[in-house]
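Below you'll find the structure, written out as structure tokens, and then a few comments.
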Amino acid sequence: MPAIPTPLLDVPGLPAGPADIRLIVTDMDGTLLDAHQRLPAGLWPMLAELRGRGVLFSPASGRQYATLARQFAEVAEGMVFIAENGTYVVRDGVELSSDPLERATAAGVAQAVRRLNAAGGDAGAVVCGKRAAYVERTDEAFLAEVRRYYVEHRVVDDVTAVDDDFIKVAVFDFHSAERSAAPALAPFAGTHQVVVSGEHWVDVMTRTANKGTALRALQRTLGITPAQTMVFGDYLNDLEMMDAAEWSFAMSNAHPDVIARARHLAPSNDENGVLRTISRVLGL
């Protein structure tokens, strides 16, 4: 079993001794996972150490709950999963909170993506339900991207006609999400969140849904303060999470807006930045 990584020798602004951390929340892609989508070496023994110290470790991702649960299957018992950018929070298979998306909005986003493609775009809508994700595109290039984040997905004739509770619509754009899909979805920005969550992904959610809202609800449930909370993120869907913790870390590879919002800077995802920073702050 890999050893826990060597602690950081110097992170500006961090205490000389261990901090009183009770909750650690980390984004996945670009943050905990490296550029090859791999979990960091030493994660399992560190999670065991954290559990022994009474520290809750919680993945917070745009990824589907089923995908996160599979990734952490070995240690999932008691873990809280903040899935689908905070719209669906689950612990031991029990829903703690959710922020459903209106069916009419999901249908409108899917139709906007169809219009984008008809005008020469190259995107696909993933309508995210609590039970599964639903797509209409059947080409392998698109489905390969879907499989990376949605273990439970189904190809259907009409993504808006399925029987499920919708919580988010994710749009994958083979071009630039910021320059193509996001402008196409701009009409929804007045009433909903249109969040660029990656180079090729845009998420449409309710106005109140984000990782920060989900984290604050979890803190209230557990009786944990922002001063006892550590968060890590790299992209725009992590911004609100930075505000919910005094120990907020942007990865060195993060979007400039996230770096500006966070209190501290961690080494990059390819430098095992999350685990190295946890080791330094908690004195592991």
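Bear in mind that the values here come from a model prediction, so they are computed numbers and not experimental data. Quick note: numbers below take in every heavy atom, side chains included, and nothing from hydrogens, waters or symmetry partners.
- Atom CG in Leu39 sits 5.5 Å away from atom CH2 in Trp44 (nearest 0.5 Å).
- No hydrogens or angles considered: nothing links the side chains of His153 and Gln64 as a donor-acceptor pair under 3.5 Å.
- Under the 4.5 Å side-chain heavy-atom criterion for grouping Ile, Leu, Val, Met, Phe, Trp and Tyr, Tyr149 is not connected to Phe72 through any hydrophobic cluster.
- Below 30°, between 30° and 60°, or above 60°: for Tyr235 and His255 the angle between ring planes is above 60°, a perpendicular geometry.
- A salt bridge links Arg137 and Asp122; the closest N-O separation between the charged side-chain nitrogens and carboxylate oxygens is under 4.0 Å.
- When only modelled atom types and interatomic distance are considered, Asn237 and Asn85 share a side-chain donor-acceptor pair under 3.5 Å.
- Side-chain atoms of Thr105 and His192 form a donor-acceptor pair, as typed in the model, at a separation below 3.5 Å.
- A donor-acceptor contact closer than 3.5 angstrom is absent between the side chains of Asp270 and Ser268.
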message = Test side-chain hydrogen bond (donor to acceptor under 3.5 Å, both in side chains) on Thr87 and Glu84; report intermediate values, then the result.
response = CA-CA 5 Å; Thr87 61; Glu84 306 280 16; 5.2 Å; no

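- Separating the CG atom in Asn272 from the CG atom in Asp34 is a distance of 9.0 Å, to the nearest 0.5 Å.
- A salt bridge links Lys130 with Glu95: the distance from a Lys NZ or Arg NE/NH1/NH2 to an Asp or Glu carboxylate oxygen falls below 4.0 Å.
- Note: Phe188 CZ to Arg207 CZ = 13.0 Å, rounded to the nearest 0.5 Å.
- Follow the hydrophobic side-chain contacts under 4.5 Å out from Met205 and you never reach Val171; the two are in separate clusters.
- Checking Asp203 against Ser197 by side-chain atom types alone, a donor-acceptor pair falls below 3.5 Å.
- In this structure the side chain of Thr206 never reaches within 4.5 angstrom of the side chain of Thr191, judged on heavy atoms.
- With no hydrogens or angles considered, a side-chain donor-acceptor pair links Thr229 and Gln219 at under 3.5 Å.
- In this structure, a donor-acceptor pair under 3.5 Å is absent between the side chains of Asn269 and Thr31.
- Between Asp163 and Arg154, no side-chain nitrogen of the basic residue sits less than 4.0 Å from a carboxylate oxygen of the acidic one, so the salt-bridge criterion is not met.
- Among all heavy-atom pairs drawn from Ala245 and Arg263, the shortest one is O-NE, 4.0 Å.
- Annotation: side chain of Leu32 is not in contact with side chain of Phe232 (no heavy-atom distance under 4.5 Å).
- By the rule that hydrophobic residues join a cluster once side-chain heavy atoms approach within less than 4.5 Å of another member, Ile24 and Val89 end up as members of separate clusters.
- A salt bridge (charged side-chain N to carboxylate O under 4.0 Å, His left out) with Arg261 is found for one member of Asp238, Asp243, Asp234 and no other, namely Asp243.
- Salt-bridge annotation for Arg179 and Asp173: absent, with no side-chain N of the basic residue lying under 4.0 Å from a carboxylate O of the acidic one.
- Residues His200 and Glu145 have side chains not in contact (no heavy-atom distance under 4.5 Å, counting atoms from C-beta outward).
- No continuous path of hydrophobic side-chain contacts links Val274 to Leu215 [ILVMFWY only; heavy atoms under 4.5 Å].
- Enclosure of atom CG in Asp157 is not indicated, since only 12 or fewer non-hydrogen atoms of other residues, nucleotides or ligands lie within 6.0 angstrom.
- Taking the six-membered ring where tryptophan is involved, the planes of Phe174 and Phe172 are perpendicular, since the angle between them exceeds 60° and thus also 30°.
- A single hydrophobic cluster is not seen to contain both Leu236 and Trp201; linkage of ILVMFWY side chains at heavy-atom distances under 4.5 Å, directly or through other members, places them apart.
- Note: Leu23 CG to Phe57 CZ = 10.0 Å, rounded to the nearest 0.5 Å.
- Between Val204 and Leu185, some side-chain heavy-atom pair lies under the 4.5 Å cut-off.
- Around the CD atom of Glu199, the shell of radius 6.0 Å holds no more than 12 heavy atoms that belong to other residues, nucleotides or ligands.
- With respect to the salt-bridge test (charged N to carboxylate O, under 4.0 angstrom), the residues Glu240 and Lys211 do not qualify.
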